[in-house]
Every structure is written in structure tokens, then in C-alpha cells.
There are 2 protein chains.
Amino acid sequence: MNKKKQQIIEAAQILFIKKGFSVTSIQDILDAANISKGTFYNYFSSKTECLMAILSFIKEEVIYNRQQLSIGKSASDKHVFVKQIAARFHIDKKHNLMALFASLTSTDTAHQELKEFLNQQYLKEVCWMAERICEVFGEDRRKQSYDDAVTCFGTIHLTSKVLMDLGKTEVPIEETIYFSLQKIEQTGGQQPFLKEDYFLPYQQKKNTEDKNIKKQLQQVLIDLEPNVKKLKNKKLAYYQKFLLDQLTSDTPDLLLMESVISSYQNAVQDTDIEDKGRYIQILFMQLIEEEKGV
Amino acid sequence: MNKKKQQIIEAAQILFIKKGFSVTSIQDILDAANISKGTFYNYFSSKTECLMAILSFIKEEVIYNRQQLSIGKSASDKHVFVKQIAARFHIDKKHNLMALFASLTSTDTAHQELKEFLNQQYLKEVCWMAERICEVFGEDRRKQSYDDAVTCFGTIHLTSKVLMDLGKTEVPIEETIYFSLQKIEQTGGQQPFLKEDYFLPYQQKKNTEDKNIKKQLQQVLIDLEPNVKKLKNKKLAYYQKFLLDQLTSDTPDLLLMESVISSYQNAVQDTDIEDKGRYIQILFMQLIEEEKGV
DNA sequence: GCATTTATTGGACTACAGGTATAAAATAGT
DNA sequence: ACTATTTTATACCTGTAGTCCAATAAATGC
């Protein structure tokens, strides 16, 4: 990640939180980030794009957080599930975007791209939740898992919103989540209302085979090849080669890889592929999870 | 309702629906309504206030609609309940405000007043729903009625949103509502999560005694006295007097009153108290409902 | 009918927004 | 040290919400 871009994003994020999106002018961002207008438009084509970049970061943060929570825990652990759901709310709250995520479906046609971006995000969230519900409450609920996900998600959202508007800020989100899960646990048996195939386009690629993850990892590394070259960091180049070699090998040394990936991430810190480094780490953790499962 | 104000509201409403709120400039409204800037700011202090006026109208429309639906039907009729819930969605949809009602809790602090206005509206909606749930599913659910209301409301909202974003526009909202009600019917027995007293400030004044409604009606008529005088309509003045007399009487002639109120409303058409006329009619219908119940 | 009050007009004006364009200065790559 | 890119600072464009005000039109009181 470019230093200037980072600077802009950090300043903008603080301002969006403190003042709100539409009341924060570009000039405000320029002043706060100590950059000029030209620079801003060099990195973002609009204010909206800047917000979307911030939201993407937050999304990654959520995914990473949930991944971390699941490590070493059973997929059917309900309390892990609750914590994972809460992760979005905590991180959204941290970024003061609680509302924005669920809403911003205003009457405006102005922020169309932003709207679609958010719609996509929460449809994916519904899919994720449906999948996790199957894992936690059993495969036999799959048929109605989307019903459950929507019920649960909707209840959580409205309940937390209501509590917030009533000024009951002391109620932790986890309690609301347990309350909502209780509701779906009690229900079942009827015909599913929301069919699974509605959501097919939004389902994340399932990690059915570790081969796929391996391929994903490989692809990411290959995509990064030119960037890595450009950085002219000998160590990094070596790590790059090593990781690719291990991935094509039938007997990859996972422990060694873990260490190397850690160094890799360190090496790309403060470069424009910093975020990719983190992504690699996430993928690798998924890989390990699966190796353990086998 | 003033003619010019009406003109502005009508034009603005059409534009807000067609183009969206923030993309509609005041100039657009001026052009469409054929009025000047000065006139606009004579009636509204801002564009937001104009939107709020429109939303208030819509709210009245919903209340009126629900009132109409309940006439002659049992308070415990589930299908009436469903239709009443659907009323908000249909009317919101008609005005293309579906989204705005549930959302507009964006990161903006700009539209603070608008946000609070909407928050109040939907908190009242939750209260209304909780009350109706008690009527439909029995008093013994009162303890958990707010839990149910939030679950139901949240599920309806998210489900309809999801269906919309998935392009499944052919599913009628009533189906979604039945689905959501099914969910709350299956649940119950646990400790209530949302306590009734949280919502006290938002609960509408219950019409516990018809005396209260009578008083309300009386008050409205008394408040209108100067306006009625100003209109210099002999018939209207006579109606006004007649209605007030009947209301103080112990044996009001309800059928006659109904007829007179109808004429009353006719007489105030196109005046600045037109909306009050409708309000009187609504109050009167509530009065009749209660008289029947006794 | 006339005088007074009130509503309406329409444009000038302010202050600010998002975004473009550009020449000069700073920085980095080789 | 030379080149290429990035960054800066500013001027500029178009459009916005909202204020102000003198001139005009319409309603109202007498």
C-alpha cells in the first residue's frame, strides 16, 4: 500500500467516523491528510471510491477476525459462531459504520455504486450465515438455512438498532445475538421460504478441496510476481520462489511455510502489496485448517 | 392545506420518487411546481423539512389505511393484521420510500433531524406491532410482545430487502409477512429480552375510554373554531356547532354525526384545514368502533 | 372603491461543494 | 546528473442550498 494512499485513507476514515460521510468535504480530507487535491484524485476518482476502499479494508478485517476466532475450534461451536457474528458489529462499531452497512439504501440514485457495493456485502453476509448455521445446528437444517439466516440477521439488526435508539447502549451485542439464535432454534419444520439457489451467485467459493486453496494461493503468488520483482528485495524474491515450490510439491513443509509467510508479510509491509500479504496469510491458515481436518 | 404548499409538496413528491431526494435540487422543485424560490422558503425552511412534510402525509395515509382495514373486523383477525402490516409496505412502495423508512441511518450527521424523525416513526411502528400481536395472538404473549414485534419486523424487512436485491420482485409482501409471523408463532416461553417499559415514550395513547376520544374530537373542533369562522361558510359553521353540541350530549346521534362529518370534510376541502377534516373523520371512526364494542 | 396587509416573484448574492486542468516544484530511479 | 514520475498549489468550472430584498400581485379590512 502506497504511503500517500494510506495517509489519505487513514485521514478520511477518521473524518468519516467523526463527522459523517457526506458532511466531510474533500477539502477536509486534504487538510487532515496534508496532501493536495491533485494527489487525492491521483488515487481515487471520487469521494465515494475513497469510502469504498475504506469499507473494503473493514471487510477484510472482519474476515480475518472471524478466521482467527475459528482456529482450533470446532465448526459447530455455537459460541464461536456468536463471536463471529459479533465481529462484524464490533468492527462496524469501531468504525462507526454500524448503520451504514445495513442501510444507505436511501432514496438516492446518486450513490448507486455504493449501494450495490453494500448490497453485495450483506448478501454475502447472509450466505455466510446460512452456511454457518448448517455447521452449527446440523446439516438437516440446510433446507431452511436461508430462512434462518434472514430471520436471525434481521432480528439482530433491528434489535440492536432499537436498543441503540432507545439509548440502551449497555446491552452487549452478544446478548442480542443469543436472543436471535434462540428464535431460530425454536423454529423449523415448515416449507422453506427462501430457496438456496436464489443465493448461488453470492455464495463464496466453498473450500471443498485443499487443492483449490492451494491453487488459489498459487495464483495469488503468481499474480504478485511482477510486483515482487519490482520491489527488488532479495529475501522477498527468495520467499516467493520457496512458497511457489512448496505449493507445487506433494509434501509441502507447512511449518516452514508458515514461518516464511510470516516473513513474507513482514517484507511487504509498507509496500503496495501489503494487503495481498495478509490475504496470503489468511489463505494459508485455511489450508492448515483443512490439513488438520484430513 | 394551503394551495401553494400543496402544489410544492405534490411536485416535490413526484420528483423525490422519480429522481431521489438528494439528486433533486430545489430548483427542480421550483420549476415543477411553478413557484419561486421565495415561496418555497416561505413554507419550508429547508429541503429536508419538505421531505419530512411528505413523510408525515404518508404516515397519515398508512394510519388511515389501517383504520379502514380494521373496520367491522375482529381485532384478533390475523389476516387483517397481515394486511395492515402490508399497508406500510404498499404505501411506501407506492411512494418509492421502502428503503428510506427502514434506513437513512447513514453515516451522515447532516440529516440529523430527518434521522430522528424516521427513528421515531419506526419505533412507533414496533410499538404498534407489539400491541397488535397481543390482540391477535392473545394477551398471554404480552410479556414477549416486543421481542416478537422486533423479530417479526426485522425478518420482514430483511426478507423483503433480500428478495428485492435478488430480483424476486414477484413475491408479494404478504407472503413474506405470513412467513415472518409463522416464525414468531413457533417461539415463546423464554425470558423476554426487550422489556415493555423501554418503549413507553413511544406508545401511542391507547383509546382506553371513549370519553378520551370524545374529548380529543372536541378539542380538535374547538381548536378549529377560529379557522372555521375565518372561512365564513355558514353551513360549515352550523356543522361545527352541531358536532360540538352532540359531543357534549349524553346521547349523541352517531348516524347523524357521521353524515354531518362527511359534509364537514367536504366543506373544508381545498382549505387550509383540509387535513384536520380527515383527522376528525378518523377520530370519529375510532369512536364508532368503540361504541360498537360496548 | 380604496388602503393596508400579506403572499409571491425573481433575481442577485454568498458560501461551499465536487471535480478538472495545469504549470511549477519536489522526489525517486537509473 | 539526468529523467520520469509524483506532488503541490492554485485557478477554474458547474452546480448546490440557502439568504436577502425590492418590486409586484393578491387578498383583506373598512
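A note on names: the letters A, B, ... follow the listed sequences, proteins ahead of strands, and every chain is numbered from 1.
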Enquirer: Output yes when at least one side-chain N/O atom of A/Tyr43 is less than 4.0 Å from OP1 or OP2 of D/dT6, else no.
Expert: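 Result: no.
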
Enquirer: Between atom CZ in A/Phe40 and atom P in C/dG19, what is the gap in whole Å?
Expert: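 To the nearest whole Å, that distance equals 8 Å.
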
Enquirer: When all nucleic acid strands are considered with a 4.0 Å heavy-atom cut-off, which category describes B/Asp28: base, sugar-phosphate, or nothing?
Expert: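 If one applies the 4.0 Å heavy-atom cut-off, B/Asp28 turns out to touch nothing in the nucleic acid.
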
Enquirer: Looking at C/dG19, D/dG18, D/dT6, which one has an atom nearest to any side-chain atom of A/Ser46?
Expert: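 When the side chain of A/Ser46 is considered, C/dG19 is the closest of C/dG19, D/dG18, D/dT6.
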
Enquirer: Does a donor on one side chain and an acceptor on the other come within less than 3.5 Å for B/Gln27 and B/Asp31?
Expert: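 There is such a pair between these side chains.
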
Enquirer: Within the 4.5 Å heavy-atom criterion, are B/Val162 and A/Phe199 side-chain neighbours or not?
Expert: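 Sidechains of A/Phe199 and B/Val162: in contact.
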
Enquirer: In whole Å, what is the span from the CD atom of A/Glu49 to the P atom of C/dG19?
Expert: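 Distance, rounded to whole Å: 10 Å.
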
Enquirer: I need the CG-C1' distance between B/Asn42 and D/dG18, as an integer number of Å.
Expert: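 Going from CG in B/Asn42 over to C1' in D/dG18 covers 14 Å.
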
Enquirer: Can you figure out which of C/dG11, D/dT7, C/dT9 approaches the side chain of B/Lys37 most closely?
Expert: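 Of C/dG11, D/dT7, C/dT9, C/dG11 is nearest to the side chain of B/Lys37.
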
Enquirer: Which of the following nucleotides, C/dT8, D/dA9, D/dG18, is nearest to the side chain of A/Ser36?
Expert: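 Selected nucleotide: D/dA9.
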
Enquirer: Choose from D/dA9, D/dG18, C/dG19 the nucleotide whose nearest atom is closest to any side-chain atom of A/Ile26.
Expert: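 Of D/dA9, D/dG18, C/dG19, C/dG19 is nearest to the side chain of A/Ile26.
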
Enquirer: Taking the side chain of B/Lys47 as heavy atoms from C-beta outward, which of D/dT7, D/dA17, C/dA7 is closest to it?
Expert: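 Closest nucleotide to the B/Lys47 side chain: D/dA17.
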
Enquirer: Tell me, do B/Leu247 and B/Phe284 make a side-chain contact under 4.5 Å, heavy atoms counted?
Expert: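 Result no, sub-4.5 Å side-chain heavy-atom pair not found.
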
Enquirer: Just the rounded figure in Å: distance from P of D/dT7 to CG of A/Asn34.
Expert: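 The answer, rounded to whole Å, is 14 Å.
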
Enquirer: Over how many whole Å does the gap from A/Asp31 atom CG to D/dT10 atom P extend?
Expert: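 So the CG-P distance, A/Asp31 to D/dT10, works out to 12 Å.
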
Enquirer: Could you check how far CZ of B/Phe44 sits from P of C/dT8, rounded to whole Å?
Expert: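 Distance, rounded to whole Å: 12 Å.
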
Enquirer: Check the distance between C/dG10's P and B/Ile29's CD1 and give it to me in whole angstrom.
Expert: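 One finds 17 Å between P of C/dG10 and CD1 of B/Ile29, rounded.
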
Enquirer: Categorize B/Thr39 for me: base, sugar-phosphate, or nothing, with a 4.0 angstrom heavy-atom threshold over every strand shown.
Expert: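 Base: the residue B/Thr39, judged by heavy atoms under 4.0 Å, touches a nucleobase.
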
Enquirer: Distance check needed: D/dT8 P versus A/Gln27 CD, whole Å only.
Expert: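 About 13 Å, once rounded to whole Å.
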
Enquirer: Assess A/Arg66 against A/Trp128: is NZ or CZ under 6.0 Å from the centre of the six-membered ring, and within 45 degrees of the ring's axis?
Expert: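 Yes, A/Arg66 sits over the ring of A/Trp128.
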
Enquirer: Say whether B/Asp28 and B/Ser25, considering side chains only, have a donor N or O and an acceptor N or O under 3.5 Å apart.
Expert: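 Result is yes, a qualifying pair exists.
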
